[in-house]
Undergrad: 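So that we are looking at the same thing, I have put the structure below in structure tokens.
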Amino acid sequence: MTEEPVIGGLPQNSPGPTRHKISVIGGGPDNGTSPHYVKALDHLLDEVEGQPWQLWWSGAPFPVLEIWFWFDDTKPIPRVRAANGKVTASINRPAPQQLKGPDGVAQARSDVVALAQKLRARFGLGDLPDLADIDTLNRIPTPPPAPPMPW
């Protein structure tokens with residue numbers, strides 16, 4: 001079986017505009033982060049790069065959505081900026097405010113949903129696609145904390 005060519009994160013023959021794309025760029029720093037929060041955030045942002053979310057974003061007036069996450073910001077709020085034909089969105093959760101264990105998992109999910117709701121409201125998008133539930137996220141193995149950076 002031949003795979004369908006992908007353009008802009010969507011198969012070429014998928015419905016809707018294919019010029020729209022969600023990309024998770026990254027972020028940091030990792031010093032002092034909750035491994036529970038980070039594992040859930042990583043998993044959820046992988047989902048947000050998936051096809052259901054790409055189709056959701058295809059209704060936006062800007063073709064490109066870049067998502068960042070910052071663990072050294074002072075306020076735990078989502079930010080959205082639209083300029084130069086793209087949207088830059090960020091999840092800001094200071095490392096000292098990240099919860100551990102199942103609470104950290106729930107907090108990460110809440111942060112992703114808050115950012116998505118902000119995007120939805122700002123750009124008049126439809127209902128959010130599904131995201132992994134808390135039980136699913138809690139079953140993902142938690143990696144050890146990242147070692148401190150030497151600088």
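All values below come from the heavy atoms of this structure, side chains included, with hydrogens, waters and symmetry mates left out. For reference, positions follow the sequence shown, starting with 1.
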Undergrad: How far apart are the closest heavy atoms of P35 and T142, and which atoms are they?
TA: CB-CG2, 3.6 Å
Undergrad: CD1/I91 to CD1/I77 distance, rounded to the nearest 0.5 angstrom?
TA: 12.5 Å
Undergrad: Is it the case that one hydrophobic cluster holds both I140 and L41, taking links as side-chain heavy atoms less than 4.5 Å apart, direct or via other members?
TA: yes
Undergrad: Measure across T33 and P29 and return the closest heavy-atom pair with its distance rounded to 0.1 Å.
TA: CG2-O, 3.7 Å
Undergrad: Side-chain heavy atoms under 4.5 angstrom apart, residues restricted to Ile, Leu, Val, Met, Phe, Trp, Tyr: same cluster for W68 and L44?
TA: no
Undergrad: Show your reasoning for whether side chain to side chain contact (heavy atoms under 4.5 Å, CB included) applies to H36 and L99.
TA: CA-CA 8 Å; H36 305 92; L99 302 175; over 6 Å; no
Undergrad: Check step by step if side chain to side chain contact (heavy atoms under 4.5 Å, CB included) holds for L128 and Q117.
TA: CA-CA 8 Å; L128 302 181; Q117 290 289 13; 3.7 Å; yes
Undergrad: Going by the angle between their ring planes, with limits at 30° and 60°, are W56 and W53 parallel, tilted or perpendicular?
TA: perpendicular
Undergrad: Of all heavy-atom pairs between S90 and L115, which one has the smallest distance, and what is that distance?
TA: O-CD1, 3.8 Å
Undergrad: If we ignore hydrogens and angles and just use 3.5 Å, is the side chain of H43 paired with the main-chain N or O of L137 as donor and acceptor?
TA: no
Undergrad: Nearest heavy-atom pair of L65 and A89: which atoms, and what distance?
TA: CD1-CB, 3.9 Å
Undergrad: Is any side-chain heavy atom of V24 closer than 4.5 Å to one of D46?
TA: no
Undergrad: In terms of heavy-atom contacts, does CG of D130 have more than 12 from other residues, nucleotides or ligands at under 6.0 Å?
TA: no
Undergrad: Checking Q107 side chain against Q97 main chain: does a donor-acceptor pair fall under 3.5 Å?
TA: yes
Undergrad: Quick check for you: to the nearest 0.5 Å, what is the distance between T136 atom OG1 and R109 atom CZ?
TA: 9.5 Å
Undergrad: Ignoring hydrogens and angles, tell me if any N or O in the side chain of W57 forms a donor-acceptor pair with the backbone of P63 under 3.5 Å.
TA: yes
Undergrad: Applying a strict under-4.5 Å side-chain criterion to I, L, V, M, F, W and Y, I'd like to know whether W70 and V38 cluster together.
TA: no
Undergrad: At what distance, to the nearest 0.5 angstrom, does CZ of R79 lie from NZ of K118?
TA: 8.0 Å
Undergrad: When rounded to the nearest 0.5 angstrom, what distance separates OH in Y37 from CG in D111?
TA: 3.5 Å
Undergrad: Hydrophobic clusters here meaning ILVMFWY residues chained together by side-chain heavy-atom distances under 4.5 Å, can you tell me if L55 and V64 are in one?
TA: no
Undergrad: Tell me which one of T88, V87, L45 satisfies side-chain contact (heavy atoms from CB on, under 4.5 Å) with I67.
TA: L45
Undergrad: Going through the distances and angles, do D127 and R120 end up as a side chain to side chain contact (heavy atoms under 4.5 Å, CB included)?
TA: CA-CA 8 Å; D127 292 340; R120 179 181 183 229; 2.9 Å; yes
Undergrad: Looking at P129 and P52, what are the two nearest heavy atoms and their distance?
TA: CG-O, 3.6 Å
Undergrad: Spell out, as yes or no, whether a donor-acceptor pair under 3.5 Å connects the side chain of Q98 to the backbone of R93.
TA: yes
Undergrad: Is the backbone N or O of V80 less than 3.5 Å from a side-chain atom of R122, with the two atoms forming a donor-acceptor pair by type?
TA: yes
Undergrad: Do K21 and Q54 touch side chain to side chain, with heavy atoms closer than 4.5 Å?
TA: yes
Undergrad: Nearest 0.5 Å, what's the CZ-CG distance between F71 and N92?
TA: 10.0 Å
Undergrad: Check the surroundings of atom NZ in K100: do more than 12 heavy atoms from other residues, nucleotides or ligands lie under 6.0 Å from it?
TA: yes
Undergrad: Test K39 against V105 for side chain to side chain contact (heavy atoms under 4.5 Å, CB included), laying out the working first.
TA: CA-CA 8 Å; K39 77 156 180 185; V105 168; 3.8 Å; yes
Undergrad: If every non-hydrogen atom of F62 is compared with every non-hydrogen atom of G85, which pair is closest and at what distance?
TA: CD2-C, 3.7 Å
